Number of protein chains: 2
Amino acid sequence: MKMDTRKQQVLMALITDFIATAEPVGSRTIARKYEMGVSPATIRNEMADLEEMGFIEQPHTSAGRVPSHMGYRYYVDFLMKKHSLSNREEEMIRRGYEDKVRDVGQVVQRTGNLLSQITSYAAVVVRPRAAGSFKHVQMVLMNPGSAMVVVVMNTGAVHHRIIEVAGGITQSDLDTISQVFNAKLQGHNMDSIKLTLIKEIYFELSKHRNLLDLAMYLIKDSFDLDGEEKIYLGGVFNILNQPEFNNVDKVKTLLSLLEQEEMFYSLLERNTDPDGVTVRIGEEINRDEMKECSMVTAAYRIGDTQLGTIGVLGPTRMDYARVVSIVECMTRNLSQTLEKMSRGWK
Amino acid sequence: MKMDTRKQQVLMALITDFIATAEPVGSRTIARKYEMGVSPATIRNEMADLEEMGFIEQPHTSAGRVPSHMGYRYYVDFLMKKHSLSNREEEMIRRGYEDKVRDVGQVVQRTGNLLSQITSYAAVVVRPRAAGSFKHVQMVLMNPGSAMVVVVMNTGAVHHRIIEVAGGITQSDLDTISQVFNAKLQGHNMDSIKLTLIKEIYFELSKHRNLLDLAMYLIKDSFDLDGEEKIYLGGVFNILNQPEFNNVDKVKTLLSLLEQEEMFYSLLERNTDPDGVTVRIGEEINRDEMKECSMVTAAYRIGDTQLGTIGVLGPTRMDYARVVSIVECMTRNLSQTLEKMSRGWK
DNA sequence: GTTGGCACTCGACACGTTAGAGTGCTAACA
DNA sequence: TGTTAGCACTCTAACGTGTCGAGTGCCAAC
């Protein structure tokens, strides 16, 4: 069977209506409300075809039809019309970035709040991992045997951790290492540090044999900031307003899943599309507990460096057209703001 | 009417049973299950008295009785027996602190996870605010006109923020200020910095007139870290397992409340009891949305400095005896661990 | 290819009935 | 005077029944 224009129209009408009402849609509703110019009986025939093709399904015999995941996918890929943001929405976004900000983390978090408020779904934001380039390192001896390492990145991110050091190490030893590191590493990103610069540092510190071990350890361990991603989740309660979550069990499984931060890394990592918005529908998320949810995600960046991902999590019945536009717009705004913040920090 | 021993026994039995079953408790259940040695009819008389006194109430005419907030309060204050932790629980707590840790924030967060796992309720943890004493400051010029200020505290906490500086300020200017600050401020806490040391710094920097403004601004603004508390919430979905939350509306109001972090500051601030555990029941939280919840909280500290608060949030029908013991035990362990971490960092 | 008509299915809802749990009261008992 | 058994009463939860309406599939007619 082939998809023709009228089938597309019917599918479009059905999905639009279902997104708005959350109720199974019957043939008469489509015929009447969407002015198809044909009778309900004709629509019924088309719907039977669409069902056979797998785009819609019937919850039970005497109910209307509901889009299947495949139906949503077809809608997102081919039917969906671009939604332009209302003035109110534009205004909200613009004002969200007006306030003065202290650091990158704050901007990103505020983005999450805004995103969940505007869309009325949950927002997921992955904060910058160890992206950007090295700006400064400072080591502070906390007590004999342990020191605080603080690394400042050009993105404005600050990482810190406590490490053990040999008992004999003094603050001035730490200063020596810091100086060498700051001189050699500034402007390099973490990957190139590991590969090319170790030899130079080795040479530089050769007159301080006792510090070499510590310096190498630092590069190997403390600068390995991969574990530092931070997930921010906002507006989860929004999602509970959706009628598909009026069942406590569903809420429970969803929430217990959302508390496992690690899950999101694998989920969002697969967001390979380097620019543009990715839509993942129901089963495509590959998580049984989320087969009734969809995610709309996009990456944000400073210049060419991808910093992290923002996204919206809602029921499969979400208003894709609107959400995609909003995510697009917010990613643009966020990237711009970050760029503005970082201009010159290189 | 006066509270006598048998009334206490009845109240005790009723609360114990209600905590276990979440069902209104009838006279027969108490007489039979708790071997009171009297008939249900007698229990009925006692229950009528207890109701008149306000300790228990009846959801509807032909149901058993349920503890009132006043009843819980009496139970917590006078009746509750100390619950000793099972080996399994002790073991879990002990092992939670075994792993090596990188910084204070991590320990505190892990405590929250553990707390919610063991109790099966939600855990609330307020991370250290600007407690402890000043250890080190470092300023990094990010670009002409803006600088990163990083402050390290003796508690192992690291605060950072970006500030605007005059265009002419160079990295070596920043280093000058840092040096003065580090020399003068080390070991002082934030409060005494504001009061006593400004003059000394003023004097010290008088030969660098151009830096004075910046230095004063730093003290006034960047060291004012009050906004830096961080709430950690864990195991919220646990609370949904409680039968009192099998209603989606209740879940929604609770969740939307929990997303407002600010609320917790005022809630936990009033935890005036400097050591020991505070129990706040239902309406005592002073939040209409939480009148069916109770909180068990306690402060944790390094030495004499109170750093923050940990707590458990559950339904009023929570197992107070058990939760109080667990919170007590975890606070002790947490304080010890932090103390161990910080030994010598002064 | 389109349409109207008709029989059929199924869930939602309202209603009445029943079973069971628990109470309050009263009268008898120690 | 405190305790107990018995009894009538109340209320909820659960179940079964009947009705209504929405929606379908199919068929014959246009």
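Chain identifiers are assigned alphabetically (A, B, ...) following the order of the sequence lines, protein sequences preceding nucleic acid strands; residue numbering begins at 1 within each chain. Everything numeric in this text was worked out from a predicted model, so none of it was measured.
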### Query
Under 3.5 Å, is there a donor-acceptor pair between the B:Q9 and B:Y34 side chains?
no
### Query
Does a salt bridge link A:E89 with A:R322, judged by any charged N lying under 4.0 Å from a carboxylate O?
yes
### Task
Hey, could you give me the CZ/CZ distance between B:R73 and B:F55, rounded to the nearest 0.5 Å?
12.0 Å
### Query
Would you call B:R6-B:E46 a salt bridge at under 4.0 Å N-O?
yes
### Task
To the nearest 0.5 angstrom, please state how far the CD1 atom of B:I15 sits from the CD1 atom of B:I56.
9.0 Å
### Summary
When rounded to whole Å, the CE to P distance for the pair B:M36 and D:dG2 reads 17 Å
### Task
Any chance you could list the contact pattern along nucleotides 23-30 of chain D? Use B for base contacts, S for sugar-phosphate-only contacts and - for none, protein heavy atoms under 4.0 Å, 5' to 3'.
SBBB----
### Message
Any salt bridge linking A:K252 with A:E289? Criterion: basic side-chain nitrogen under 4.0 Å from a carboxylate oxygen.
### Response
no
### Segment of DNA chain C, first to last nucleotide, that comes within the 4.0 Å heavy-atom reach of chain A
C:dT2 to C:dG11
### Task
Say whether, by atom type as modelled, one donor and one acceptor occur between the side chain of A:N238 and the main chain of A:S116 under 3.5 angstrom.
yes
### Task
Count the heavy atoms belonging to other residues, nucleotides or ligands that lie under 6.0 Å from CD of A:Q260, then report whether that count exceeds 12.
yes
